[in-house]
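Okay, so here's the structure we're looking at.
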Amino acid sequence: MLHVLKSGDPLEVSVLRAMFKARKEVFVDLLRWDVPVLGDTFEVDQFDNEHATYLVLAGRDGRHLGSARLLPTMRANILSSLYPMLCEGEVPRSVDTYEITRFCLDRDLRASERRLVRDALVTSLVEHALENRIGAYCAVAHMSWFQQILAFGWKCRPLGLPQMVGGTMLAAARIIIEPDTPHRLSAAGIVPAPLPETAGRKAA
Amino acid sequence: MMDLAHGLIELIEQVGSREDLGEAMTAITRRLGFEFFALTHHVDVQANEGDVIHLHNYPERWAEYYDSMALGLADPVHRAAHVTSVGFRWSQLKKLIALEKRDMKILDKGRQQGIGDGFTVPANVPGEARGSCTFANRDSSQFPEAMMPLAQLVGAFAFEAARRLLIPPGDPACQDLPRLTPRQRDCALWVARGKTDWEVSRILGIEEDTVTRHIKMACERYGVNKRTLLAVRTLFDGTLSFSEIVARRYTPFRE
């Protein structure tokens, strides 16, 4: 099921902990990002504060399946703080624009499950935007991820030309959310389906 | 530059048919300072009729030769596009992959036929065939260096437009992916890492016979009869990832 959470939510501590742990397994252990790790277990950075909103997909047993972090663009965010050079014009800053960061699919998912969870997460992001009057998301992406973001079918516009930053080519994009966005997703084959109830076994 | 980018992207997104996309791409290619374009999946086009992206304005003779030789698979430019997600100029090929005699021949032949220099943008959507968007010229004399970042961006949008128009949603054989049990997946992972059944049995702490059986079942699920093919297929559909197998620095996303 989908949990929409703020970082201090006392009722959902276990869901949040599972998410920070899953983020460490994906972004630090697998992708080797140079980001802070708490107690060797949780990936938590300076933007994981009371202003962040989390969309977390969890199994009935509470296991983490996938998650994304939304940062308000009215406050410091990854694009404005770390990568403003990726925007040719002004860096997005608006009450109805949020930044998608830490799009995370659990490392224990099997290929077929990854796709289900990914589709559910993308669909949830669009629903969340439409329910909360969010008109656009922005995101920073490596070029290989950029092609996947386009493949979700939603309307994207680049914020600047791709650039080499720290040895990788990154681009920033605005994702425009409109009433017809759910239709665009389903036309691209992104349709919600029943989620796996528990994440797969850990690989050896 | 961004106004131009947005203009070209709008143009790409408005196309409603294969013909429209071809016309739009011809215009965009010129605007970027190139003569030719190719939007293609890296497959043997003649063997894969139907749901494959393959749209270009290359000279006819070159295209015929290329398709008849199934160069979509062996083309050094395509191979290079599999080791990077960033667009590259063909003069950089040797920095990406080892070029062999046969590769030099292909590149020479292309040059003779009027495809001398190009810029290729890799386009990879997991679970689907790898592809790319290439912009090319007759020779290197008028290569539009300054347009490369824009070509990278436009190439990504163009490939997505081609995907939307030419491939039915959800089609690319990924709906009914074979599923491995967790244990089968563990065994397949160690096979891909080059371990024998006996070695895998020691690592996982199970009987060698059991490992052999898991691998046999996994091969059956994929309809293959060789362990190497199991590794290839599980890597291709994302059941296994390269980063699990080769421990090296790998940063596909950055957010």
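Bear in mind that the values here come from a model prediction, so they are computed numbers and not experimental data. Chain letters run A, B, ... following the sequence lines, proteins first, then strands; residues in each count from 1.
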Quiz item: Which pairs with one or both residues in residues 155-166 of chain A pass side chain to side chain donor-acceptor pair (under 3.5 Å), sequence neighbours excluded?
Solution: Arg157(A)-Glu10(B), Arg157(A)-Glu13(B)
Self-check item: Any donor-acceptor N/O pair, His6(B) side chain to Pro158(A) backbone, under 3.5 Å
Solution: yes
Exercise. Could you tell me whether the side chain of Gln147(A) and the main chain of Ala123(B) form a donor-acceptor pair under 3.5 Å?
Key: no
Quiz item: Could you give the distance from CE (Met169(A)) to OG (Ser85(B)), rounded to the nearest 0.5 Å?
Solution: 9.0 Å
Self-check item: Portion of Leu79(A) that has a non-hydrogen atom of chain B nearer than 4.5 angstrom
Solution: neither
Self-check item: Residue pair Asn124(B) / Ser144(A), side-chain heavy-atom distance below 4.5 Å
Solution: no
Practice problem: Could you pull out all residues at least two apart from Glu160(B) that satisfy salt bridge (Lys or Arg N to Asp or Glu O under 4.0 Å)? | Solution: Arg163(B)
Quiz item: Does the side chain of Phe146(A) come within less than 4.5 Å of Leu153(B)'s, by heavy atoms?
Solution: yes
Quiz item: For Arg31(B), does the CZ atom have more than 12 heavy-atom neighbours from other residues, nucleotides or ligands under 6.0 Å away?
Solution: no
Quiz prompt | Glu208(B) CD: over 12 foreign heavy atoms closer than 6.0 Å | solution = yes
Quiz item: Near Lys94(B) NZ, under 6.0 Å, is it more than 12 heavy atoms from other residues, nucleotides or ligands?
Solution: no
Exercise. Kindly check if the number of other-residue, nucleotide or ligand heavy atoms within 6.0 Å of CE (Met217(B)) is above 12?
Key: no
Quiz item: Can you name the one residue among Met1(B), Gln152(B), Met148(B) that meets side-chain contact (heavy atoms from CB on, under 4.5 Å) with Leu161(A)?
Solution: Met1(B)
